[in-house]
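Each chain gets a letter, A, B and so on, in the order the sequences are listed, and its residues count up from 1.
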Amino acid sequence: MLHPLQLSVANDMTDEEFRLFKQLVYDECGINFKPEKKAFLQNRTIQRMKATDVKSYYRYYKLITDANTGKAELLSFLDVLTINETSFFRNKPQLDLFQYSILPEIISKKRMKNDFTLKIWSAGCSTGQEPYTIAIILNELMTDIKGWKVSILASDLSMTALEAAQQGAYPREKMEGVEASHLKKYFTEKDEHFYAKDELKRLVIFDFHNLMYDNGFSNLDVIFCRNVLIYFDSQTQKQVIETFHQCLAPKGYLFLGHAESLQGINESFIFIHKNKGTAYQMR
Amino acid sequence: MENVLLVEDAEELGELLKEELGAHGYNITWVTNGVDAVIAALDKKFDVLIVDMITPNLKGIDTIKIIKKIDPKIAIIACSGMIDKSIMIDVTKAGASACVNKPFTVSQMISQIKWATRNKGGLLSE
Ligand SMILES: C[S@@+](CC[C@H](N)C(=O)[O-])C[C@H]1O[C@@H](n2cnc3c(N)ncnc32)[C@H](O)[C@@H]1O
């Protein structure tokens with residue numbers, strides 16, 4: 001007869017099993033599962049266990065931690081644990097601050113220096129709404145955008161989210177927040193879906209990246225990392241902000257989600273606040 | 001011949017114990033972390049579990065608790081570089097029959113195995 005632990009798919013995760021997976025997820029991507037999130041972790045783990053036909057938590061753990069054969073499944077596992085909630089023009093006051101104060105300043109300074117490059121990173125871009133929103137804003141503000149070398153680097157840990165982002169096709173209900181005129185200008189409508197036009201797509205480079213690791217970026221003008229840090233504990237937040245600090249250009253800008261702040265995390269930034277929009281600028 | 005599951009992440013010590021205890025007639029399965037120990041215990045019946053308290057992924061105490069659930073009859077020996085009173089109480093409650101301080105000699109370990117197999121259910125089970 002099989003021991004019940006052989007068949008944990010049918011069982012609730014024990015505290016030991018929860019601690020085991022929680023630690024692994026934390027080590028791999030910084031996401032910090034509090035005890036009250038156990039049911040979520042359990043359900044998503046079971047989802048992957050079914051997909052891989054593994055019947056016990058321990059065997060599944062062993063599968064995803066195998067240094068040789070576990071990498072792909074580990075990515076799928078982390079993928080199902082991420083929350084990819086996002087939208088176009090999310091946190092409008094903040095984007096207004098970006099569009100009407102920060103961006104004009106960056107652009108005019110650059111024009112004066114004859115520097116026509118602009119590098120923006122959307123870290124934790126999910127299904128692409130954030131980087132495409134940035135692309136719309138740039139297109140609207142920079143009438144001479146064709147003469148610039150603009151890159152919006154958009155990265156995420158979730159491969160499924162990245163695939164959707166790359167595709168750039170969104171059902172109508174996801175287009176809330178996009179003005180009618182922008183909808184017409186930057187998207188093609190087909191079969192109840194809106195497809196990002198090439199004008200947007202050519203500005204954005206999507207890539208897989210785990211914020212726990214180095215990125216090789218430098219001299220970025222702006223980083224958007226919104227609603228990502230909330231899933232990390234303060235130690236991981238510190239570490240991530242430190243890497244942002246390293247890859248921003250002097251006086252570069254950082255945008256965080258509305259529930260996130262650098263207070264007690266990093267002293268190298270000045271807090272900017274205007275009409276409910278917030279940002280940080282490197283000292 | 002008794003089947004012994006050894007959980008030890010220090011390579012040299014694991015190697016040594018596997019060889020020496022093997023030479024004394026024990027059938028040793030050596031793993032280096034708690035999860036592998038649990039999986040081994042799910043797959044095969046063991047008479048004795050020797051577990052280092054500090055091993056990767058599962059802590060020693062968790063490994064003991066889980067394996068005890070799989071096989072309540074298994075004899076358990078906990079090893080540690082520093083066994084203080086509180087660890088001692090915890091592992092005894094979890095079902096260990098013996099605690100061994102590191103470093104230990106092979107003959108010390110063998111006498112602990114003998115003692116533990118005589119007190120299989122743990123010290124608390126009358
Ligand atoms: C809630 S979404 C936020 C999307 C977008 N920035 C916004 O504000 O609408 C959080 C994203 O962070 C990503 N994420 C979580 N941990 C990550 C990590 N360690 N490295 C990269 N991305 C991560 C998730 O995959 C998810 O797509």
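- Contacts of E16(A) with chain B are made by both backbone and side-chain atoms, with heavy-atom separations under 4.5 Å.
- The closest side-chain donor-acceptor pair between Y57(A) and E17(A), if any, does not fall under 3.5 angstrom.
- Between W121(A) and F217(A), the ring-plane angle classifies as perpendicular under the 30° and 60° cut-offs.
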Before giving the answer on side chain to side chain donor-acceptor pair (under 3.5 Å), spell out for Q108(B) and Q112(B) the whole-Å C-alpha distance, their side-chain angles and the decisive distance to 0.1 Å.
-> CA-CA 6 Å; Q108(B) 278 171 334; Q112(B) 290 298 326; over 6 Å; no

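- A 4.5 Å side-chain heavy-atom check between Y58(A) and L58(B) finds at least one atom pair inside the cut-off.
- Against chain A, no residue from residues 16-29 of chain B qualifies, as none has a non-hydrogen atom under 4.5 angstrom away.
- Chain B is approached within less than 4.5 Å, heavy atom to heavy atom, by no residue from residues 221-237 of chain A.
- Taking the charged nitrogens against the carboxylate oxygens, D15(A) and K38(A) do have a contact shorter than 4.0 Å, which makes a salt bridge.
- Counting heavy atoms from C-beta on, the side chains of Q129(A) and Y132(A) never come closer than 4.5 Å.
- In summary, the side chains of N84(A) and T82(A) do present a donor paired with an acceptor at a separation below 3.5 Å, with no hydrogens or angles considered.
- With N210(A) as the fixed residue, the side chain to side chain contact (heavy atoms under 4.5 Å, CB included) test singles out one of L157(A), N215(A), D156(A): L157(A).
- Every residue two or more places apart in sequence or in another chain that forms a salt bridge (Lys or Arg N to Asp or Glu O under 4.0 Å) with K45(B) is listed here: D71(B).
- In this view, K65(B) satisfies the side-chain hydrogen bond (donor to acceptor under 3.5 Å, both in side chains) rule with no residue, not counting sequence neighbours.
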